Structure formats: C-alpha cells, structure tokens
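Some notes on the structure that comes next.
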Amino acid sequence: MGNASREVVTLQLGHYSNFVGTHWWNLQDAALCYDGEPNNSYSEINSNVLFREGVTLQGQPTYTPRLILMDLKGSLSSLKQEGALYGVSQTEPALTWKGSLSVHKEDPVVKNQFLQQLDRLGDELNSNSNSRPFQGEERAAAVPGAERALNLSQSSHRLEDSVGVWSDYLRVHLHPKTISVIQQYNHSSTSDRFEAFGFGEKLIRDPLFLDDFEDRLHFYIEECDYLQGFHILCDLQDSFAGLSTKVVELLNDEYGGKGIFTCGFSPASYTDTSPVKEVHRLLNSFMGIVQLSSRSSIFCPMSLNRNALGRKRPSPINFPHIIYDASLSYHSSAVLAMALETLTIPYRLHSGGISLSQLTDALNPAGRKVISASASVPFPMRDTDTIPDVLCRQQAAMLWTGLTPCGDFQESQCFAQSVVIRGVSNERQISNLAPGVKGPSVLHSCPTGEDVLSTFLHSYFPTALSAVHLAQTPCSVASPYPQFFSPSLNKQGQLLGGGLSASACAVQSIPVMSTLQSSPVLYSVLHSLYREVSSLNLRKFSAFLSAGTELDDFREVLEELNTLSQCYKMNFDMDESGDDSDGE
C-alpha cells in the first residue's frame, strides 16, 4: 500500500463512548509530531489514518479527527456544536419575526482551569500568527493546537472535581461536521429517557436525522484516498445500542467489504440504578451484542466492571499500578482509551503494519466475531529490563488485565489473537546479553522483538494464530489525562526497584501491552448472558417493548445469541457455575 494513509472514519455514539473517545483523541494529539522531523520517534505511527488536514475560511491549516460523534441535547457543556475553528454558528437561524421579542438569556457555563488554559493558549497562537501562507513542512507546525500541545505537555491539572461531561477535558479541535446533537432527548432528563433499544432504532428512520447523518458521513468519505474501514465506539447499555446497530447496517449496505471494528462500552458504575434500570441495561447489552457482532467485522465489549453484561453488583477491575476511582467516568474511560490507542496500532503504522480488514479477518475465524480485549497498563518494565526479562517473570494469564466483562470465568486458551507492545526502544526489545553468553530462557536468544513476543505467546497458546506488532512510541499521558498512577513508576512509566519512590514529577508516558483475543471463555460469557435473559418475563417490562422491540424479534435475537455462544464451545464441557439464572 506504500505511503497511502489508509483512512479510517470513526463514529462515537453515546455519552460514555464520547468519554472514551475524548481521551483517545487527546492521547493522539499529545503524541503528534508537529515539527515534521522524519527521525522523530513518533513518525512510526501514521496520524493521517485517523486525522484529516483542512483549511479554515481564513486560509489557516487545520488538523482534526475524521470523526462523527453523537450525544443528547445538554451534553456539550461549554463546547460549541460547530467547533471553534471556523467562527460561524450553524445552529442560530436568521431572525425574520418583526413583532415584539422577549429575550431570555442564561449565564455561560463556567469553564474549568484546563479549558481556560486552552483558551489562553489559543488566543496567544492567534495573536502571534502572521498572514503569510504556510508551505510544505510548515503546515504541521501551523496547525491550531501545535503550540497548545507543546505547552499542555508541561502542565498538570486535577480535574476529578470539575469534569461533568466529556467536553470538559477535550483538548483537540473538532470539525463542524463532527458533532451531531440528538434534540429529541435531553441528557439530564429524568423522564423520556433514551434508555431502550427500540428508541435508537427509530431515530435512523427519521428522514431529517438520516439526511444529516449521511451528509456528515459522505463529507469525510469523499475526501479519503484509500478508505480502509470504520471504528464504531458505542454505548452498549442504552438506546445508543439500537442506534448503533442501524448505523452499522447502513455502513454495510453502502460500503460493503470495508472493515468495521465496533467497540461496545459500559461504564464501571452507575449513580442511577434500580431493578428495572438494571434489566433494561441487560436487555440493551444483549440486543446490542448479537446485532452489532453480526453486522460488524469484529465486535469487542469493553468495561472496567467485570460483571457489566449481567445484573450482578458492579465489580471494578483492579490494576497493579493504577489507582483509579471506578465511579468517575473520567477515570475509567481513560484506561479504556489507552488500551484502544494501543490495540489499533497494527493498521496505523507507516510501514510494517496490516490493514483493518486483514486484522478483523484474522480475528473472526468460523464466525466468531465477538472478541475480548486485555491490556497491561503499564507494561511492567524496570529501567534496566528488556522484553525477554519481563516476559520471563510473568505468566500470560498474569501479564495483562481483562477489559471485556467476563465475570469470574477464566480460560487459558484462544483461537486467534493480536498482541501489541508499545513504548519499548529497539535495543530493549531483545536481550542485551554479551555474545556467547547463554541467557536464562529461549526468549533471550531471539533476534527480534517480534520473535521474542511470538515465541512467548506460542508457549502459552500453541494452536492459536497470533499476530504481533511492536512500536517504540510510548503512550503519552500529558494533561488532561488523569494522574492516577502508582508512585512506583518514574516519568517514563517504568517500575522503580529496590524500594525507591518516584519523584514528585508527573508520569509523562508509559509502555503498554494490549491484546485482542477470540477465546473459548466467550462461550461461558455469552451462554451465561443467554440463560439470564431467557429467565426474564419480558412482558413485565412493557417500557422496553413499547419502545419498538417486537416480542417475536426479541425471541429470534435470543436464539441467535445461543447459536453465537456455541461457536466458542470446545469439545469438552465448560464450567458454568458462575451463571446467573435467577428469574425476575
């Protein structure tokens, strides 16, 4: 494919998915190479896969995500729907009424310190810029945000008490075609909630909504030279699951053959919960998993609540070197975004990578389109370690933490997997032993980092198809990423030994390991979900049915879930003691 950008269009559908997506775009923005130096370590990741270049009405170059995001009315806080690049409102109609007017004004939203700093840096950038046109390599340095990114990397903000919605920590500029607000529902409403699968399905049948969506979609796709596919980041436990299934169906109809990688996200906890809400979330998850997986190339449910797909009490996932608050979406989404940023690297490399379709084809053999995600955050390296040293200390089951809600099920086998390690320099990817010196393991004799990782994976998963990729680029965790790291890490996210404590300086970057797996454990997860939903008397939940889901369609999807679970069943009986089969 040469130097083609192989563009991917991203769609974010839902409030929590926008929390994840905001961190994801911030992470990429923090690592962008604005100086255009070809030898910069960041140049191995091709940012043009997910970002697009443009020009403002004033002729100023821009660099914005190739993104469409949807959320409910009232979810943007101080962010303008049309963005700040073009300075023209798309939402205020022309005044034609000639009679008397009654004007009602509300005070503007007070921005937190991080957003105030963004505004100051933006004003400085505008005041220092000249009218001279930019040429060649200068265009990257002229992008709004280049100086901002440099300055923000030196800043630290504690936003735990000031983040209410995802736009409260958004550091990238968005194109006017990006934000689509669903006016029929209010984010903070206590009635007419957007919380049943059928409400989302109905939206796409609204001609005005569909026309607006297709206009945004065609805008991005028509400027692509080589579209390799789509990312879908969607909420799994509310009506956005229904909307997402229709969106993916539309993408399949119009762009068949392109890869569609869908991630269904669930928060680690909810502040508003009741038995009825828990059942609605269960039903939305069940409907979303079946229909999204059938229409996507691969589908990955992700959450920091290991029981997010059922009705059990929240059980937050623990990480060895991260101290996070599971009740804060600002925190839990940050971990998921870091994993997403790493596991998508294989088809975002300048060279040596694969396409999105190649990755999805490798991960969904025999119709197994549901996959699981795991990550090691950070990858546990000491400042003197090599990758063989780290892998020799760890067993595969202990090396990474599952990010897909699998309850208490454990499984050590897999059918296919994609594993990425990032943030480790070339010289530390292999053993640093002197020639002729025998290492403590076969890993220390491997000539490349890819061989090291492949050999390690083969020892634990001898029959699995494994795709491995290594990148030197670490994951930058500049502001406004939360500083919830253990004091056992230094600035580069490496472990400190000998009882040492890190300096007071914030962690600036970390190495990360991520994995996507098609695994037999998903039989237990999906079959447990099937049994739990089967035990419900759906007629008791008329609100779910009144949203548009027909009982016959529901039963058909339930049987599809049972069939899907069988794709992951091995030739021996698996332990299902963790199933929750209690009726309602």
Side-chain angles (χ1 to χ4, degrees), residues 13-14 194-206 210 232 234-254 256 260 262-264 266 276-301 308-311 364-371 404-405 518 522-569 576 579-584:
L13 311 173
F194 197 56
E195 59 182 10
F197 193 86
F199 291 142
E201 289 184 303
K202 287 180 179 178
L203 266 182
I204 205 73
R205 295 194 288 267
D206 181 342
L210 181 59
I232 310 296
C234 64
D235 286 8
L236 194 57
Q237 298 198 320
D238 56 23
S239 300
F240 279 105
L243 175 59
S244 301
T245 62
K246 291 301 182 182
V247 167
V248 175
E249 183 178 51
L250 185 150
L251 295 178
N252 267 313
D253 291 342
E254 292 198 24
I260 301 178
T262 302
C263 293
S266 304
V276 172
K277 288 182 181 294
E278 289 171 359
V279 170
H280 280 188
R281 290 167 184 153
L282 168 68
L283 295 175
N284 290 326
S285 298
F286 143 68
M287 296 284 288
I289 288 174
V290 175
Q291 299 200 32
L292 285 168
S293 62
S294 67
R295 299 169 186 180
S296 303
S297 303
I298 53 174
F299 172 75
C300 183
L309 299 183
R311 288 175 294 158
N364 65 4
R368 303 182 187 108
K369 290 188 175 183
V370 181
I371 60 174
T404 291
S518 174
L522 290 166
Y523 166 75
S524 298
V525 176
L526 297 174
H527 194 64
S528 175
L529 180 63
Y530 166 76
R531 292 181 58 184
E532 186 169 6
V533 175
S534 298
S535 70
L536 296 176
N537 182 356
L538 197 62
R539 292 187 177 87
K540 291 184 177 181
F541 305 97
S542 58
F544 188 85
L545 293 175
S546 64
T549 300
E550 299 288 343
L551 191 57
D552 289 342
D553 293 338
F554 175 86
R555 289 169 176 159
E556 181 180 342
V557 175
L558 186 59
E559 286 309 308
E560 289 179 18
L561 176 61
N562 187 33
T563 302
L564 178 63
S565 70
Q566 301 302 314
C567 293
Y568 298 87
K569 191 172 185 180
E576 298 177 14
D579 287 357
D580 181 0
S581 303
D582 294 337
E584 207 27 62

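For clarity, every value in this text was computed on a predicted model and none was experimentally measured. We use all heavy atoms of the structure for the numbers below, so side chains are in, but hydrogens, waters and symmetry mates are not.
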| task | Using side chain to side chain donor-acceptor pair (under 3.5 Å) as the criterion, point out the one residue from Thr262, Asn364, Asn252 that pairs with Ser296. | result | Thr262

Is there a donor-acceptor pair under 3.5 Å between the side chain of [X] and the backbone N or O of [Y]?
| X | Y | result |
| --- | --- | --- |
| Arg368 | Cys567 | yes |
| Ser518 | Ile371 | no |
| Tyr568 | Leu526 | no |
| Glu195 | Lys277 | no |
| Ser528 | Val525 | no |
| Ser239 | Ala196 | yes |
| Gln291 | Ala241 | no |

| field | Taking every non-hydrogen atom, the tightest pair across Arg281 and Gln237 | value | CG-O, 3.5 Å

| task | Looking only at non-hydrogen atoms, find the nearest pair between Ser293 and Phe299 and report the distance. | result |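 Scanning both residues, the minimum pair turns out to be CA-CB, 3.7 Å.
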
| request: Give the C-alpha distance, both sets of side-chain angles, the deciding distance and a yes or no for side chain to side chain contact (heavy atoms under 4.5 Å, CB included) between Leu282 and Leu536. | output: CA-CA 10 Å; Leu282 168 68; Leu536 296 176; 3.9 Å; yes

| task | Report the C-alpha separation of Glu560 and Leu564 in whole Å, then their side-chain angles, then the decisive distance to 0.1 Å, and conclude whether the side chain to side chain contact (heavy atoms under 4.5 Å, CB included) test is met. | result | CA-CA 6 Å; Glu560 289 179 18; Leu564 178 63; over 6 Å; no

| task | For side chain to side chain contact (heavy atoms under 4.5 Å, CB included), just list the numbers for Ile232 and Leu251, CA-CA rounded to whole Å, side-chain angles, deciding distance to a tenth of an Å, and then say yes or no. | result | CA-CA 11 Å; Ile232 310 296; Leu251 295 178; 3.7 Å; yes

| task | Evaluate the criterion side chain to side chain contact (heavy atoms under 4.5 Å, CB included) for residue pair Leu236 and Leu292; output intermediate values, then yes/no. | result | CA-CA 10 Å; Leu236 194 57; Leu292 285 168; 4.3 Å; yes

| Ring centroid separation Phe286 to Phe554 under 6.0 Å | yes

| query | Do you know which of Asp235, Thr245, Asn284 makes side-chain contact (heavy atoms from CB on, under 4.5 Å) with Phe240? | reply | Asp235

